[in-house]
Amino acid sequence: MRHAALEQARNRLALVLVLFFVPLWLALAYQVLPDDPVRFFLRAADQPVVLGANTVSQLSGGLHSLALIVGFMMFLAASRSAEFDHRMVLAGYPRICLLLARSVVLLLTAALTAGYATAWVCSFYQPARLDVMTAAFMVGALTYGGVGILLAAVLRSELAGMFAVIMVSFIDLTLQNPVANPSADSPLLKWLPAYGAMQSAVSAVDLTQTPWRHLLLGLCWSAGLTAAGLAAFTVRTSRRTLTQRLLGPRATKPCARLVALHLLHPVRAYIYRQARIRDTTVITGYEICRRLMRRSGPVEAALTKLLPARLRPLFWAMYGYGRYLDDISDTQRLGRQERVARVSGFSELLESDLRAGHSEDPLRAAFVHVVWTWDLPSGGVTALNALYRQDAKGQSTITTWDDWYTYWHTLTFPFGVRRLMTLLTAPGLAFTPDDAQALRGWTDALNLIDVLRDLREDAAEGFVKLPTAVLDEYDVRTEDLARGRAAGRYAEMVHAMTSHARQWLAQAATGGSQHPPMAVALRTVIDLHLLELDRIDRRPHALLQGRSRANPVRFHLTLARGRLRTASAWRRHTQTTATVPSPIHLPRPAEGDHGALSTPPLLPPKPHSSGAQPPQLPAHLIPQHVAIIMDGNGRWATHRGQPRTAGHEAGQLAVREVIYGALEIGLPHLSLYSLSSENWARPAAEIQAILRLAQDGLVMETEEVWRRDVRLRWSGLPEGLPPGLVHALRQTEHLTRHRTGLTVNMCINYGGHSEITQAARALARQVAAGTIQPDDITPRHLAGHLHQPDLPDVDLLIRTGGEQRTSNFMPWQSTYAELVFLDALWPDTDRTHLWQAIDTYTRRDRRFGATRSPLTNPDEHTARVH
Ligand code: IPE
Ligand code: IPE
Ligand code: MG
């Protein structure tokens, strides 16, 4: 409520209008107009009354000014805070508080302005009923406050809102005024919104009775309009789409929803068709993202309109994902712990959905769809999630410009720009390194402008996303910004930042020559940014009072011109715009597949015999997936003069030991190579011993490992394995499927070549069936058919026994794994070896083909600002 009230108090134009315009009108109308008698049929008293023309016009004009001012105030407040409110709702803030705040502030504004206007009326004459006159003014103000709120729900532009309020109130109150309209007693006028207010105001001049019915009528109008406006607000801040809501719970059939989308939003239906998106959950997610973008990223939203239709959903989803996580990680009102929990919860679910290839949640479903369809780098998602987690914990700090670049490049570069370039590159349309540099300049400017836009909001949340060195240089403190105070050399700082942004934009404007459509799009976007920068430069303090947006008329004209030009540029290059690959079909979990092995309760891992504890490593450095080639059993036994099978038996103990170590250090996934497809070349007796040991280890009742929070997955082919073992593997997988601690991926009868071959066969079958085009196949499609499509790639591959080869083990998954070879034979290995290897891993520099890993400082930027 305080926020909503302050918002109104900061609307200086409205304050000036109320303070000066209302008395000016009341005085001029009363003094200048003649006081010729006018007949007014007062239905409130069921009789005509005769009043001076100046008195009647003063009242109708007074009501008109209140209607205009309060109507516009409410319109502005409701439309400007729509984005903020929506973000609050998405971040889990109760909608009812927001609705109450809006309603209470409307009441307060109406009461104050009505009291003020009545006080001025009293300075000209004494009405018979002061209370009735105040109530009449208040009802009039409330009615138009409701009109403002309702209009905010349907109109986007402030100009349109202002005109609508002016026109509605003009028609309404001019018709009610008998001086302007001789037939002001027509019964038709009863249906106009200000009728009750006007009747009551006139009755208060001379009559002593209370026009209850008419006051009530006015109240009903205002309640009805406000309720409609707030309902529209509720609908707009809902996480469901319009189509879903219209069809309600009856719309169980997805096809019905799609029909509704086609009927109600043919253009968007066309876009989804172009992008080959058919799943309703996914479409719902895209719609949420599109709205988030339209509300809070005016220039980003403009940019998507400059791209081919089929690419737009990609940008909606990427923006929506970032905005959503950014909102949660920034929402201080939630409390740090809850924020961290929400960000982590969302990121974990997203990462697991990304592996599975689908999601039940619309927002995540859209993002998973984008990553899979466009083959975006999942590693980028993990880095982003890590950064958002850091933000949520309040651990992000930006001290220097280097930190600033690192922070923003982690957020925008991996997905946005780099991927945009590959998607839009085609024969005849190439990006040069200069273009890449230009796009970088543009994203830097975009981010800096974003920071300026959110200056006060971020300050209120304690994290201004500017280098602290800059804030210090200009003596600007976050606390002052949070209170909306431009202390220190604030204006100078803002000018310095806008001139950085202009510099980057100028640099960006020089690129794009090799790629005509993108060059036009970029030019348009730069012009839009410059409009916003002009506005900021003219009124730097406006940043602290609310959002400082570019002049809407010029913004839309520039955008319209840009759209025409890009459309024709794209038309000339239709052959070369990116096509959308086919969707990937992954098996969904069966319905009713609930209920896990819940008894007996799960135990903690057994401690190491020496009491050794895992090293304290930061959670984000722990690998997601460690794979181990457990080699050396045979030699271990031979050295002791024992049969090779004894080595395998001893190796079984090491397996248990290493699983405990993995649980203790918090490793999420562990793949163990137990039997390779090449091991069938060994003597039958040895193979049989290995298989028997494997089967014994799967018995839930006797094998202690399964009493811990361990989930089993089996990778390998059933052919050649004893049916009892296959059954035991599948059963243990089933019984442990809801466990969330460590996933042990047991590789029995596993071979990397055969795994890839059978994935290729599956894809070939899809091609033959016509569900996918050969050219649409990406690495993700192939990975979707591996034994465990939802397991992350291997980060660390360990081989014991001193040999340095990978022996057909997870070749697809470990293309970028760090390799660690240990001399210890497998039966001599224990959890400390695993910890040691993980420790080594944390100190490796993983570059994934780039020159630096995604989270380290790009030093190429150091020179650019100083
Ligand atoms: C690995 O140990 C276990 C399996 C292959 C099942 P080996 O049996 O290969 O041991 P070495 O390499 O002969 O010592
Ligand atoms: C790899 O070990 C297979 C397992 C550990 C299960 P091998 O001992 O069979 O590997 P090579 O054949 O010597 O490379
Ligand atoms: Mg071996």
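In each ligand, atom 1 is the first atom listed, and ligand 1 is the first ligand listed.
Salt-bridge check for Arg739 with Asp709: failed, with every basic side-chain N at 4.0 Å or more from each acidic carboxylate O. In this structure, Arg342 pairs ionically with Glu338, as a charged nitrogen and a carboxylate oxygen lie closer than 4.0 Å. In this structure, Glu657 does not pair ionically with Lys606, as no charged nitrogen and carboxylate oxygen lie closer than 4.0 Å. One finds a salt bridge joining Asp790 and Arg713 here, because a Lys/Arg side-chain nitrogen approaches an Asp/Glu carboxylate oxygen to under 4.0 Å.
Distance from atom 14 (O) of ligand 2 to its nearest protein heavy atom, with residue and atom name: Ser807 OG, 2.5 Å. Remark: minimum distance from atom 10 (O) of ligand 1 to any protein heavy atom is reached at Gly634 N, 2.9 Å. Residue, atom and distance of the protein heavy atom nearest to atom 13 (O) of ligand 1 are Arg644 NH2, 2.8 Å.
A heavy-atom separation below 4.0 Å is found between Arg805 and ligand 2. Ligand 2 is never approached by Glu803 to a heavy-atom distance shorter than 4.0 Å. A heavy-atom separation below 4.0 Å is not found between Gly801 and ligand 1.
Contacts between Ile690 and ligand 1 below 4.0 angstrom, taking non-hydrogen atoms only, involve the side chain exclusively. Of the heavy atoms in Leu675, only backbone atoms (N, CA, C, O) come closer than 4.0 Å to ligand 2. The side chain of Asn679, and not its backbone, has at least one atom closer than 4.0 Å to an atom of ligand 1 (non-hydrogen atoms only; side chain from C-beta on).
Metal site remark for the Mg ion (ligand 3): Asp631 contributes an N, O or S atom at a distance under 2.8 Å.
At least one N or O atom of Asp631, backbone or side chain, sits closer than 3.5 Å to an N or O atom of ligand 2. Any N or O atom pair closer than 3.5 Å counts here, and Ser676 shares no such pair with ligand 2. On a distance-only criterion, Arg635 and ligand 1 share at least one N/O pair closer than 3.5 Å.
Looking only at atom types and distance, the side chain of Asp795 has no donor-acceptor partner in the side chain of His625 under 3.5 Å away. Residues Asp830 and His608 have side chains that bring a donor and an acceptor to within less than 3.5 angstrom of each other. Donor-acceptor pairing under 3.5 Å is recorded for the side chains of His781 and Thr778. Side-chain contact annotation: Trp714 with Asn745, donor-acceptor N/O pair under 3.5 Å absent.
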Exercise for review: Could you go through the ring pair (Phe, Tyr, Trp, His ring centres under 6.0 Å) check for Tyr388 and Phe346 one step at a time?
Suggested key: CA-CA 11 Å; Tyr388 284 123; Phe346 184 84; 9.4 Å; no
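With distances taken over non-hydrogen atoms, the option nearest atom 9 (O) of ligand 1 out of His648, Met630, Arg682 is Arg682.
Those atoms of ligand 2 that come under 4.0 Å of a heavy atom in Arg799, given as number and element, are 2 (O), 10 (O), 11 (P), 13 (O), 14 (O). Taking every non-hydrogen atom of Ser674 and a distance limit under 4.0 Å, the qualifying atoms of ligand 1 come out as 6 (C).
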